[in-house]
Amino acid sequence: MLFAGSSHGQLRCCRSGYCLVVDVFTGAEVSPPRLPFSKDHEEIYFCGTLTAPITSPNSHLLISNRSSLFDWPVGSDSWSELKLPVNRVDQIVEFNGQLIAAIEYKLYTLQLAPKLRLKKMKTLWWDDMSECPYLRPWLVVCDGMLLIVDHYITLSFGAPVNYRPYRLDMSAKPAKWVEVKKLENWALFIGGDARSPPFAFKNPERWGGRSNCLYYAHYSQPWSLHGLGDDADAVWDPSTDDNLVFKRNWYSQLQAFWVYPSMFYSDGDGQ
């Protein structure tokens, strides 16, 4: 089967329209109905997420390929389908009780009922840029903020790769991305596959970790550590391979990624 994402401690795999949802820690499995594929559907899954723990009464499983977004209310006997107006859905996050989808560097609110519906959000990039300056950014919810993060290369001495987060200020009209200088006592965790969701964790010093850092799951070592923003040089160790450029992509081979255990999701904020 093909990797189609993970969330709420559940791994999702699909093949020929058949899906399997597996709790990574307990091995418990759930088999949704077969996706309503037609002949023109491609066997590529770009995004998959659960909107809530699978045992929740209002949990939905969302799966996206290149042309459609599919929605399965957990426990029901059918999927609903939304034909996408543009290319694939890259990522779906839940923020302040609202589902937000990222499609081609633009944000959309996602409505599940009474039917699937996408509505574009008007946003401004930092420095009033009209287009996203990042190559492949990703979203993560951290400490009540919706962040966008990606890497960029520096040509000066010190850390050759930098990661800088920006938060979405929804009080502005239109909403605007504002730089976050420091994440204080939070750390971010991310894997190389674009379908593995990033998440934030509070007070990593409790287990020997570091705040205001990015932990990148890596296949050749447990993780690569990057300081965020101005902490990049302080964290960078030139004697390691942590100066490599790590990109997120859609891989045919399963990549290393972090899983936040399903039994911890009741706390709601990664504590």
For residues 94-104, which side-chain donor-acceptor pairs fall under 3.5 Å, sequence neighbours excluded?
{"unit_1": "Glu94", "atom_1": "OE2", "unit_2": "Gly97", "atom_2": "N", "d": "2.8"}

Next item on the list: Look only at the side chain of Ser56 and the backbone of Pro53, and say whether a donor-acceptor pair between them is shorter than 3.5 Å.
Entry: yes

Item checked: Stepwise side chain to side chain contact (heavy atoms under 4.5 Å, CB included) test for Tyr45 and Leu35 -> CA-CA 12 Å; Tyr45 305 94; Leu35 284 163; 4.0 Å; yes

Checklist line | Audit row: Phe199, Trp258, ring pair (Phe, Tyr, Trp, His ring centres under 6.0 Å) steps and yes/no | finding: CA-CA 9 Å; Phe199 62 86; Trp258 302 98; 7.3 Å; no

Check: With Thr55, which residues qualify under side-chain hydrogen bond (donor to acceptor under 3.5 Å, both in side chains), at least two apart?
Finding: none

Next item on the list: Not counting sequence neighbours, which residues clear side chain to side chain contact (heavy atoms under 4.5 Å, CB included) with Ser78? List them please.
Entry: none

Margin query: Please check this pair: side chain of Gln10 against backbone of Ile54, looking for a donor-acceptor N/O pair closer than 3.5 Å.
Written below: no

Next item on the list: Looking only at non-hydrogen atoms, find the nearest pair between Val140 and Ala200 and report the distance.
Entry: CG2-N, 4.1 Å

Next item on the list: Kindly write out the residues that satisfy side-chain hydrogen bond (donor to acceptor under 3.5 Å, both in side chains) with Asn185, not counting sequence neighbours, or none if the list is empty.
Entry: Asn203

Next item on the list: Provide the full list of salt bridge (Lys or Arg N to Asp or Glu O under 4.0 Å) pairs with a residue in residues 186-201, sequence neighbours left out, each pair given once.
Entry: Asp193-Arg195

Check: OH of Tyr18: more than 12 outside heavy atoms within 6.0 angstrom?
Finding: no

Next item on the list: Look up atom SG in Cys14 and atom CD1 in Ile63, then write down how far apart they are to the nearest 0.5 Å.
Entry: 4.5 Å

Pairs under 3.5 angstrom only: tabulate donor-acceptor contacts from the side chains of residues 107-120 to other protein residues two or more places apart or in another chain.
{"unit_1": "Thr109", "atom_1": "OG1", "unit_2": "Lys119", "atom_2": "O", "d": "3.4"}
{"unit_1": "Gln111", "atom_1": "NE2", "unit_2": "Ala113", "atom_2": "O", "d": "3.1"}

Notebook entry, point to check: Does Glu205 CD have over 12 foreign heavy atoms under 6.0 Å away?
Noted result: yes

Next item on the list: Measure the spacing between SG of Cys213 and CH2 of Trp223 and express it to the nearest 0.5 Å.
Entry: 11.5 Å

Checklist line | For Thr123, all residues meeting side-chain hydrogen bond (donor to acceptor under 3.5 Å, both in side chains), sequence neighbours excluded | finding: none

Next item on the list: Could you tell me which residues satisfy side chain to side chain contact (heavy atoms under 4.5 Å, CB included) with Ala256, sequence neighbours excluded, listed by chain and number?
Entry: Ala217

Checklist line | Fellow cluster residues of Met1, listed by chain then number, with links counted only when side-chain atoms sit under 4.5 Å apart | finding: Leu20, Val22

Margin query: Using a 3.5 Å distance criterion without hydrogens, assess whether the side chain of Gln91 forms a donor-acceptor pair with backbone atoms of Val89.
Written below: no

Item checked: Side-chain donor or acceptor of Asn249 paired with backbone N/O of Tyr251 under 3.5 Å -> no

Next item on the list: Please check if the side chain of Arg88 supplies one atom and the backbone of Phe46 the other of a donor-acceptor pair under 3.5 Å.
Entry: no

Check: Taking atom CG of Asn58 as the centre, does the number of heavy atoms from other residues, nucleotides or ligands within less than 6.0 Å exceed 12?
Finding: no

Next item on the list: Find the distance between NE2 (His8) and OG1 (Thr51) and round it off to the nearest 0.5 Å.
Entry: 6.5 Å

Notebook entry, point to check: Between Phe3 and Phe257, does the ring centroid distance fall short of 6.0 Å?
Noted result: yes

Checklist line | Leu183 backbone acceptor or donor facing Asn212 side chain under 3.5 Å | finding: yes

Next item on the list: Mind checking salt bridge (charged side-chain N to carboxylate O under 4.0 Å, His left out) for Lys181 and listing every partner two or more places apart, or none if nothing turns up?
Entry: Glu179

Notebook entry, point to check: Sequence neighbours excluded, which residues qualify as side-chain hydrogen bond (donor to acceptor under 3.5 Å, both in side chains) partners of Arg167?
Noted result: none

Check: Mind checking what makes ring pair (Phe, Tyr, Trp, His ring centres under 6.0 Å) contact with Trp138, not counting sequence neighbours?
Finding: none

Check: Relative to each other, are the rings of Tyr215 and Phe189 parallel, tilted or perpendicular (30° and 60° limits)?
Finding: parallel

